[in-house]
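Here the structure is laid out as structure tokens; the discussion comes afterwards.
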Amino acid sequence: MNKIIKKLKEIIFKEYQLIILFILFFIIHLTYTRHTDDYTVIMTHKNMSLSEEIDYVKKIANGWTSRLLINPLIHGMAHLRIRVWVVLDTLMITFIAKFIMDLFEGYNYKKMRWFVFALVLLFPFQYMVSAGWMVTTMTYIWPMAVGLYYVRFLKRFFCKKIKLHEYILSTLALLYAANLEQISVVLLGVTTFTLIYAGYKKRKWSIICFYQILSLGSFLFHVISPGNASRERSEIATWFLDYEQLSLVKKIELGFSSSLNEFVFNYNVVFLIVVTLLAVLVWYNYSETLYRVISAIPFVAVMVWGPAKPLLVEKYSGINQISKAMTTYGFINVENYMSYKSYIPIIILAIISSCILVSIYLIYGNNIKSIICIGIFGLGLASRMVLAFSPTIWASSLRTFSIFYIILIIIASILIESYLNIKNKYLLKGFAYLIGIYASINYINLMITMFQA
């Protein structure tokens with residue numbers, strides 16, 4: 001008994017940030033009310049037998065979706081009490097924080113845990129309620145948590161001895177997480193990079209080849225799925241009647257502009273923190289005016305269309321016009337393509353994204369971290385851009401930004417780790433207070449929003 005108590009004390013002392021996080025989100029989950037997709041799923045599946053569930057999966061495989069691992073799990077949850085989902089969902093959110101923390105195992109691990117704790121509190125969990133809280137979290141949060149376990153496995157693959165059960169769990173994690181189309185794009189990119197790196201290091205690259213085949217297969221499964229093709233035809237009629245008229249170039253422009261529009265032209269705290277971290281690091285390391293200007297452009301833009309916007313719009317009406325320029329077809333459509341003004345927002349977004357990539361390179365130079373940060377930023381953008389190949393790009397609402405948010409949190413964490421090596425501790429304290437204040441405000445706002453829902 002004493003050994004059990006001692007072990008529990010060790011776990012509490014080691015994982016107390018995660019325990020606090022679990023409690024905070026468990027409180028949020030107490031506000032749960034059944035509506036929209038949750039109600040439909042529960043009423044449809046709660047009395048189904050196993051054979052009926054199997055027949056249902058066969059039906060949706062041909063007529064609705066390629067999510068043949070995610071959806072059956074959601075259907076299975078309909079047979080259980082809602083409190084089971086409450087506990088499991090809170091655990092999944094906690095696991096997201098845990099697996100991000102573990103990506104920074106090392107000398108600054110204890111400090112990084114607090115920063116990741118605060119950054120996860122900035123995640124907009126209110127987006128998860130848009131189509132039914134249970135259904136949406138099990139579609140997005142659960143695969144993200146499991147996908148981060150797989151990413152942590154890939155990181156540990158090069159620095160720790162991997163046990164047999166970890167190979168098995170990582171394989172299952174990859175298959176389950178990649179069953180969500182957006183995450184399959186990210187994990188395909190991550191696995192491809194890992195394969196190249198393993199080949200360069202000449203370390204067990206054949207094992208990573210196995211994961212590459214699985215990730216590529218998962219991605220192609222979504223592409224050729226008859227269920228996805230059938231669903232697209234149905235949703236075109238419901239959500240986007242002239243979707244088939246969009247060219248490939250138009251879809252790419254729509255995906256790019258709609259994705260970055262949310263972070264630049266709508267005040268976004270997570271993105272503001274990332275560009276601020278980038279600007280300060282470049283200014284701290286370089287005295288050249290050109291480099292400082294490049295790093296300052298994203299920060300200034302986010303401030304102009306964020307905190308400073310209320311002070312500027314009366315005098316500079318163009319600021320408000322740009323923030324409202326997004327249409328169903330992107331910034332450019334058949335009605336305005338002849339006007340040069342319609343190209344200004346997308347040019348601004350292209351400049352900002354380019355400055356972010358250059359700033360990352362200036363900070364890390366010819367270093368593996370440059371490739372990682374630039375690569376995962378690109379994958380985050382791609383995870384949202386892929387929605388342009390679906391007629392539900394707008395109907396799916398803000399929940400489709402979830403993967404991009406988590407990737408921005410990881411990038412912010414990587415940048416913060418760089419601050420831990422700077423001798424100027426005032427910078428680190430300043431960011432600690434800034435992130436802590438924003439995290440507290442966001443959690444209070446989340447509580448108010450959820451309790452009023």
What are the two closest heavy atoms between I407 and I376, and how far apart are they? CG2-O, 3.1 Å
Could you tell me which non-hydrogen atom of A439 sits nearest to which non-hydrogen atom of L121, and how far apart they are? CB-CB, 3.9 Å
Can you tell me if T171 and Y150 form a side-chain donor-acceptor pair at under 3.5 Å? no
Y140/Y127 aromatic ring centres below 6.0 Å: no
Using 30° and 60° as the class limits, which term best fits the ring planes of H29 and W133: parallel, tilted or perpendicular? parallel
Does N333 use its side chain to pair, donor to acceptor, with the backbone of N336 at less than 3.5 Å? yes
Side-chain (T191) to main-chain (L188) donor-acceptor, under 3.5 angstrom: no
Closest approach of T136 to M128 (non-hydrogen atoms, all atoms of both residues): CB-O, 3.1 Å
Measure across I28 and M450 and return the closest heavy-atom pair with its distance rounded to 0.1 Å. CG2-CG, 3.9 Å
Aromatic centroids of F115 and F104 separated by under 6.0 Å: no
Under a 3.5 Å cutoff, is there a donor and acceptor pairing between the side chains of T392 and R231? no
salt_bridge(E181, R67) N-O dist < 4.0 Å: yes
Verify the ring-centre separation between Y405 and F263: is it less than 6.0 angstrom? yes
Are the side chain of S383 and the backbone of I403 linked by a donor-acceptor contact shorter than 3.5 Å? no
Scan side-chain atoms only and decide if Q182 and H222 contain a donor-acceptor pair under the 3.5 Å cut-off. no
Quick one: does Y267's side chain have a donor or acceptor within less than 3.5 Å of a partner on P307's backbone? no
Please verify the inter-ring angle class for H45 with Y56; under 30° counts as parallel, over 60° as perpendicular, anything in between as tilted. perpendicular
T192 backbone acceptor or donor facing Y211 side chain under 3.5 Å: no
Between A78 and K46, what is the shortest heavy-atom contact and its length? O-CB, 3.6 Å
Taking every heavy atom of W305 against every heavy atom of S323, the minimum-distance pair comes out as CD1-CB, 3.9 Å
So that I know where these two stand, are Y149 and F95 an aromatic pair - ring centroids less than 6.0 Å apart? no
Is the side chain of N268 donor-acceptor paired with the backbone N or O of F271 at a distance under 3.5 Å, no angle test? yes
Are V304 and K309 close enough that some pair of their side-chain heavy atoms sits under 4.5 Å apart? no
Contacts of S342 that satisfy side chain to side chain donor-acceptor pair (under 3.5 Å) - sequence neighbours left out: none
Indicate whether the side chain of W85 and that of T137 have a donor and an acceptor atom separated by less than 3.5 Å. yes
Verify, without hydrogens or angle tests, whether S230 (side chain) and G63 (backbone) share a donor-acceptor contact under 3.5 angstrom. yes
Please evaluate residues K98 and D102 with respect to the criterion salt bridge (Lys or Arg N to Asp or Glu O under 4.0 Å), reporting the C-alpha separation (whole Å), side-chain torsions for both, the decisive distance (0.1 Å), and the verdict. CA-CA 6 Å; K98 166 65 176 171; D102 288 349; 3.4 Å; yes
Using 30° and 60° as the class limits, which term best fits the ring planes of F26 and F22: parallel, tilted or perpendicular? parallel
Quick check on ring pair (Phe, Tyr, Trp, His ring centres under 6.0 Å): which of Y284, W283, Y286 does Y291 satisfy it with? Y286
Can the ring centroids of W205 and Y200 be said to lie less than 6.0 angstrom from one another? no
If only side-chain N and O atoms count, and only distance matters, is there a donor-acceptor pair under 3.5 Å linking W142 with D89? yes
